[in-house]
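The shown structure was predicted, so the numbers you read here are calculated from the model rather than taken from an experiment. Any value given below was found using the heavy atoms of this structure, including those in side chains, with hydrogens, waters and symmetry copies removed. In what follows, chains are A, B, ... by sequence order, proteins preceding strands, each numbered from 1.
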Amino acid sequence: MSQSVLHLSGVVKRFGETLAVGPVGFEVQEGEFLTLLGPSGCGKTTTLHIVAGLLYPDQGEVRLRGREITRLDPQHRDMGLVFQNYALFPHKTVFDNVAFGLRMRKVAAGEIRERVLRMLDVVGLPGVENRQPHQLSGGQRQRVALARALVIEPSLLLLDEPLSNLDAVLRKRMRLELRDIQQRLGIATIFVTHDQDEAFEMSDRVILMNVGHIEQVATPEELYDNPTSRFAAEFIGEVNLIDGTVAGVDGGAAQVQSAIGGRYRARGDLASVRAGDEVLLMVRPERVEIEPDAAAADGLVPATVAKRVFSGDLLIFTLRTADGTELTASKPSTQRYRAIAPDSSVWIDLGECRLLPRGA
Amino acid sequence: MRAGGGLFAAALFTPITVVYLVFLLAPIGFFLMMSVFRYSPMELWQPAFTADNFVRLLSEEHYRVIIFRTLEIAALTTVFSLMLGFPLAYFLARTGSIWRGVLMFLVIAPLMTGVIVRTYGWIVLLGSEGTVNVVLMWLGVIDEPVKILETQVAVLVALVHILMPYMVFPLFSSLASQDPDVERAAATLGAGRWRIFFEVTLPLSRAGILMGSALVFTLTAGAVVTPALLGGSKVQMLGQTIYDLVLSTLNWPFASAVAFVLVFCQFSIIFLYLKGGRRRVG
Amino acid sequence: MSAKPTSAPSARYLNASSAVARYGMGVLITAIYVFLLAPVVIIVFTSFNPTESNTFPPTGFSLRWYGAFLESSSFIEAFKFSVWLGAIAAVGATTIGFLSSYAIVRFLGRRREAGQSLALLPVMIPHILISISLLLALTIVPFPELGGLIVGHVIICLPFTIAGITASLEGVDEQLELAAMTLGASRLRTLWEVVIPLIAPGLLSALIFAFIVSFGDVYIALFLSGPGRTTLPIEIFSYMQWESTPVVAAITTVQIMLIVTLGLVVERLVGLRKIMRV
């Protein structure tokens, strides 16, 4: 088993009366890219600041490579933090910005020079060391901030929404580049974002947070396919949620009678599920099957095409079933699906669904 | 901020706390406490409690006159500062002139030169051969120089001049923070220039007026140098009385009682200011 | 000088309604400025007056009062002492003011307003009271009177340095300090490497403004000056209680020039109004 770089356990932080975070616990593995994902105010930045030592938790423990650092000053932690607005020192040149951490560590001048220039190379910015931060573009500043955090060779790299101030095109490119640099250096990283696409494209694992606590910890695929709560299902991508009643549980799946009429197999946390329980069925739009041919519709649920939106590679259908439930289906814009006109009658199949508890 | 800052913050606050407690509040507290001590020509004071100082202060005609004169001059200075300061602050807050920075500077510049310089300026202006007399004679208003120095008028004029900037700054802040669109909105609703002023601008400037008035009033009440030089012995105010009592007769307890009256007036004003400010919010 | 028709929309709107009102306002504002500046301008004129009395308009041009000033050892000594005292008070008030301002801006949170009001306390107390109380304290506690004078000046300068420096600190992004700390800088090192360089103009302004306040003070020095530690305003004050020749005009003109020059530097650096929003 690989050694964990960072270990948070039972961390709680209050601001006055409000509970900002907690209790929260997780581990970061060697070389791992871990993302804290969640809506604004979910406590992800607070958690990051607790890791960095900019805030001390009210309860709980933070360990870096086994050493307890819960209330250690930020300057004695071994972490590189990249801020959302980069926080480059406006009165120092790029070189002095990147060299700052090394100077604080009393590294010899010659070595500082060598390491700063090498790191500027790594982040793809050779030759800018004598410029002032205000002479750089947003993307360049971002790279300088990254170089400044990385040059001290921290045990852990912390990224606080570092891409949110960039324009869309640059943001996409920087995602890949950031991931690439992280993998080349093999540095354990915690990345904070509210952007699901960023989280999915870059992370090894994602921690989904909501109102101060962890909703789910999973790989991006697992999080997408098997959310464990309604919040997780709705926060990640598009989703259809349908009311249902458990008819029976057999083996690894439950049989659920849905509000739209069909009976579906559903997987999920079945430990406490009993026949007769009110539950939710979750199905992603691309998993919703549409059958235009009445002849092949045996056992399927009838529906009407309420709306059809063409978005290039995809067709997005809004389907209304007899009980008034509206479902979204996204299908490739092939001939088969283009032939389905608005207002036409179709039959739908949900295949195997995901079972979620009703309520929260 | 934030983690572990408590000790650091305490360290940062230490110097000012020490300076204010040891060199400001403790001495003032002790000095004011002395007002209930007995005066003794030999030991300066005796730590024996007495109300004599206050009784004497309030019963002797001489001191009653001084108290009322001080309050009168402070009130008049405040009123005149407001009357002159408001148009000036209004102009500075609303003008689009490129000279605004310079004009602001001209208000602040006299303030920076210090009390002595400006008081001296008024001596030159108001003296018997001073500019004001020369101009008045040249205009034929008077035949021979009038005596302006050593009158209450001279003191009042100089105090208004010296303290008016303290009125202008809070007024300016409160006027500049008002959205000019509110005045324009009133105009489009058919309000005339004066209606707008009295129903919109003036009520919205209330905080500035209160703040400026409180500052000017308390600063006037504590004035020493200006009344001493321009009013001479004829326009004694509380500040001068304290000065004389301490430096000439060394009667600390009585001086303290006079100072106590001064502080009492001042805190009444600040109390009214806070009350007025609160009503505005509520 | 005033009520210039300008291109700024606010001025045009408000002045559009009536020419009478506009010129009335112009005359009033001009008159107020004449009132504000006359005493200062008259001093400058008087200082070049060749005759003994403080007359205006001057009857000629002469530098004799400046000569008299330079020959008066008591005035020269007082001038030097005021400069020395102002410099020390300015450094003291700026240093303490910086530490307090930083703590107010970064550590007080919601109690910040209250903290700032407390820090500005000395403006609300008549300076004569501050000075007289210090004098009394010095009669009891064995503390050098010169020390009392310096502390008194530091106290009256503090509100101004704090007002100016907190305004400057508001322009510093706290994240820069957090960044420095995560990179290994201690809190003190962060102040030195990041905060102080970023608010250098504000600190310099505070320094100069504190000097100006100290240099112009009469009230603190009124009770706390003495032989060998008489400030210029006190020297002038005692001189004027007996006689009044244009030598005072010459001295005060020098003072005005000095103060106005320093004031212009502050204006250039950060704008005087930041400091005056007491």
By a 4.5 Å heavy-atom criterion (distance strictly below it), what part of [X] contacts chain C: side chain, backbone, both, or neither?
{"X": "B:Val117", "result": "both"}
{"X": "B:Leu92", "result": "side chain"}
{"X": "B:Val135", "result": "neither"}
{"X": "B:Ala10", "result": "neither"}

Sort [X] into side chain, backbone, both or neither according to what part of it lies under 4.5 angstrom from a heavy atom of chain B.
{"X": "C:Val151", "value": "side chain"}
{"X": "C:Leu188", "value": "both"}
{"X": "C:Leu191", "value": "side chain"}

Below 4.5 Å, heavy-atom pairs only: which of [options] has the largest tally toward chain C?
{"options": "B:Pro27, B:Gly239, B:Gly222, B:Gly29", "value": "B:Pro27"}
{"options": "B:Thr218, B:Thr14, B:Leu125", "value": "B:Leu125"}
{"options": "B:Ala223, B:Ser256, B:Pro165, B:Gly85", "value": "B:Ala223"}
{"options": "B:Ala26, B:Pro15, B:Ala228, B:Ala9", "value": "B:Ala9"}
{"options": "B:Val263, B:Val160, B:Val224, B:Leu25", "value": "B:Val224"}
{"options": "B:Leu247, B:Leu262, B:Val22", "value": "B:Leu247"}

Largest heavy-atom contact set with chain B, pairs under 4.5 Å, which of [options]:
{"options": "C:Ser131, C:Ala38, C:Ala119, C:Ala137", "value": "C:Ala119"}
{"options": "C:Val40, C:Ile251, C:Val218", "value": "C:Val218"}
{"options": "C:Val260, C:Leu135, C:Leu118", "value": "C:Leu135"}
{"options": "C:Ala103, C:Pro126, C:Gly148, C:Gly152", "value": "C:Ala103"}
{"options": "C:Leu129, C:Ile234, C:Leu258", "value": "C:Leu129"}
{"options": "C:Ile125, C:Leu232, C:Val154, C:Thr95", "value": "C:Ile125"}

If we only count heavy atoms from C-beta on, is the B:Leu88 to B:Met164 side-chain gap below 4.5 Å?
yes
Any side-chain heavy-atom pair from B:Phe8 and C:Arg106 closer than 4.5 angstrom?
no
Which of parallel (below 30°), tilted (30 to 60°) and perpendicular (above 60°) describes [X] and [Y]?
{"X": "B:Tyr90", "Y": "B:Phe86", "answer": "parallel"}
{"X": "C:Phe35", "Y": "B:Trp122", "answer": "tilted"}
{"X": "C:Tyr102", "Y": "C:Phe107", "answer": "perpendicular"}

Can a side-chain donor-acceptor contact be found between C:His153 and C:Asp217 if the only test is distance below 3.5 angstrom?
yes
What residues form a side-chain hydrogen bond (donor to acceptor under 3.5 Å, both in side chains) with C:Thr252, not counting sequence neighbours?
none
Are the aromatic ring centres of C:Phe143 and B:Phe23 under 6.0 angstrom apart?
yes
